[in-house]
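As a basis for the values below, the full set of heavy atoms in this structure was taken, side chains included, without hydrogen atoms, waters or symmetry mates.
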Amino acid sequence: MEFTFRAAADESLPRLQALLVDEGAIPSWLEQSVLQGAEAARFTGKTGQIFETYVERDGSLVRLALAGAGKPRASDRVAAAERTGAALAARFLTSGETKLALDLGQADFSPETASAVLIGLRLRCWRHDAYRTKLKDEQKRSLAQTIVINAPEGTEAAWNVEQALAEGVEFTRELVTEPANIIYPESFVDRCKARFEGTDAQIRVLDEQEMQNLGMGALLGVAQGSVRKPRLLAIVWNGGKQGEAPAAFVGKGVTFDTGGISIKPAAGMEDMKWDMGGAGAVAGAMLAIVKRKAKANVVGICGLVENMPDGNAQRPGDVVTSMSGQTVEVINTDAEGRLVLCDALSWVQQEYSPSAIIDLATLTGAMIVALGHEYAGLFSNEDALAGKLEAAAKTSGDKLWRMPLGAAYDKLIDSPIADMKNVGPRWGGSITAAQFLQRYINDGTPWAHLDIAGMAWADKPGATWDKGATGYGARLLDRYVRDNLEG
Ligand code: BES
Ligand code: MN
Ligand code: ZN
């Protein structure tokens, strides 16, 4: 979606025009037919309501939409503005219209809330139609351009920042949506290289040999059953003070998770193409941060492997040695995410001594059992960091719910033959997974683990997404950076 800004409706406008109105404040200068039609349709300007009609203006037909922006002083005004934009997108994306004139001048918007309308509109427009060759004309996306008129002073500047975030969220969705024959460790890296080209971000990639030399036996053990070679990707952004320790984001990037020898049942296994949702969120967040030139030092790490069950695959019972020197008894090859993350976590600490680490992973089915598809689980060794993330979750809309950690859970993953096993008992499966990761965090390093298993993908449309990849995590991390590391 392309956005252009105009001061007023001086030049000619496209046929499709949307007027945003606050609740209970429909402008009385509108045509009688519009006012009466809106009333008949029970349109009052509530958030997300849309009334569509046709009027004749200066001899041309106008397809007019009134869009409800809700109450001007509502505490969730920003989120509501986003939903308003998203509702317009959902309504007109395949309407046949290619251009939309969006009039922001009648509602009580600030640059911030006005640009929230735009981000909602843009995000809800995103689709991935590359593999749909037989779409009927009326199913094809038509809307491609929005002409914003009467926006409050400063909206364009606010949008220029917000736009970077939209790009990031869309990149996350793209990576998550692509099937596993297209996105595998090497091609994930290539996509990132292409997307970050021309920016000031540095891209570093470790191949199998380099990981071998570093002793990453846990990550490599997962990768060894696949013909796809693993990669460790680092996206490095130094926009802050020189020499200041960066924040580190670490993502689980299992580009496909069959379960390995502990193979998953066939039904629903296709979902496991999005088992790289943590890495996708990290890559998308980094894109947003880099594109808006955030004044902060941040590194994004993606641990990229495919979990397959071939003749060279690791077996249940195998003992692997991780980069940290700790040994792991692999009880279940389907608990692979923690094996990938543990080496990525060791590496980022050795290489960058980060001030804080946040990892994101579609780590456990148990997380979905606990929280469904509303919240990702938040585990942290530091209340301050947990609080910052909870605040960023509220502001960004990428919701988090804190979960416990503790010694009683930790001992559940002790192994009779190695330092630990990679699974605990059935109950509390998300927590023992988090305990496993914590064993790789150096004392004194603030760390949070976000189990996003229920959030990366949606079976039904939500506020600013269609069904499919949600882009969860990119906004959360970007917000964390804005509110805690910048300024
Ligand atoms: N990627 C899965 C977790 C998952 C399951 C994410 C369903 C999204 C939807 C993970 O690698 C996994 O298989 N976890 C196992 C762990 C178990 C073997 C201890 C699980 O949750 O069943
Ligand atoms: Mn698995
Ligand atoms: Zn997995």
Side-chain angles (χ1 to χ4, degrees), residues 112 115-116 119 122-123 126 157-176 188-189 191-205 232-253 276-303 344 348 351-360 385 388-389 391-393 395-398 400 446-448 450 452 470-487:
E112 190 197 8
S115 101
I119 200 163
R122 172 159 168 180
L123 288 179
W126 186 87
W159 174 243
N160 284 336
V161 177
E162 234 39 53
Q163 189 162 235
L165 176 57
E167 271 185 65
V169 173
E170 288 168 357
F171 188 40
T172 301
R173 289 180 182 173
E174 173 187 325
L175 290 166
V176 170
F188 186 108
V189 167
R191 277 277 165 119
C192 288
K193 280 186 174 160
R195 201 54 75 90
F196 283 85
E197 196 165 291
T199 72
D200 295 327
Q202 263 168 265
I203 304 276
R204 292 181 63 187
V205 187
L232 193 75
L233 167 68
I235 304 164
V236 185
W237 173 248
N238 287 315
K241 291 197 193 77
Q242 216 191 337
E244 193 171 80
F249 301 150
V250 180
K252 169 180 172 180
M276 35 55 68
V282 168
M286 292 307 297
L287 187 65
I289 287 161
V290 168
K291 288 268 168 151
R292 65 177 181 77
K293 299 189 190 297
K295 291 187 175 49
N297 297 338
V298 189
V299 296
I301 310 292
C302 299
V348 76
E351 201 68 13
Y352 293 101
S353 306
S355 55
I357 304 175
I358 301 167
D359 78 69
L360 292 90
L385 177 60
K388 289 171 188 169
L389 283 165
T395 318
S396 69
D398 284 350
L400 287 174
W447 157 77
L450 315 182
I452 66 168
T470 61
Y472 183 95
R475 301 188 77 172
L476 175 72
L477 295 177
D478 177 74
R479 180 46 65 183
Y480 170 81
V481 170
R482 286 196 209 193
D483 291 350
N484 299 287
L485 306 182
E486 294 183 79

Locate the shortest heavy-atom distance separating [X] from [Y]; write the atom from each residue and the value.
| X | Y | result |
| --- | --- | --- |
| A474 | G284 | CB-C, 4.2 Å |
| C192 | L233 | SG-CD2, 3.8 Å |
| A245 | P354 | CB-C, 4.4 Å |
| A285 | T172 | N-OG1, 4.5 Å |
| A279 | C302 | O-SG, 3.6 Å |

Would you mind reporting whether [Y] and [X] have side-chain heavy atoms less than 4.5 Å apart?
| X | Y | value |
| --- | --- | --- |
| I358 | K388 | no |
| E351 | V299 | no |
| R195 | L175 | no |
| L477 | L360 | yes |
| L232 | I301 | yes |
| R475 | V169 | yes |
| W237 | P246 | no |
| M276 | V176 | yes |

Just verifying a value: how many Å separate [X] [atom1] and [Y] [atom2], rounded to the nearest 0.5 Å?
| X | Y | atom1 | atom2 | result |
| --- | --- | --- | --- | --- |
| F249 | I235 | CZ | CD1 | 11.5 Å |
| L165 | I119 | CG | CD1 | 4.0 Å |
| F171 | M286 | CZ | CE | 12.0 Å |
| E244 | N297 | CD | CG | 6.0 Å |

Tell me whether D398 contacts the main-chain N or O of Y472 through its side chain, where contact means a donor paired with an acceptor under 3.5 Å. no
Verify side chain to side chain contact (heavy atoms under 4.5 Å, CB included) between D200 and V290, making sure each step is shown before the conclusion. CA-CA 7 Å; D200 295 327; V290 168; 5.9 Å; no
Between D359 and K252, does a side chain to side chain contact (heavy atoms under 4.5 Å, CB included) hold up when you go through it step by step? CA-CA 8 Å; D359 78 69; K252 169 180 172 180; over 6 Å; no
Could you list the residues that satisfy side-chain hydrogen bond (donor to acceptor under 3.5 Å, both in side chains) with E170, not counting sequence neighbours? R122
By side-chain hydrogen bond (donor to acceptor under 3.5 Å, both in side chains) - contacts of N160 (at least two apart): none
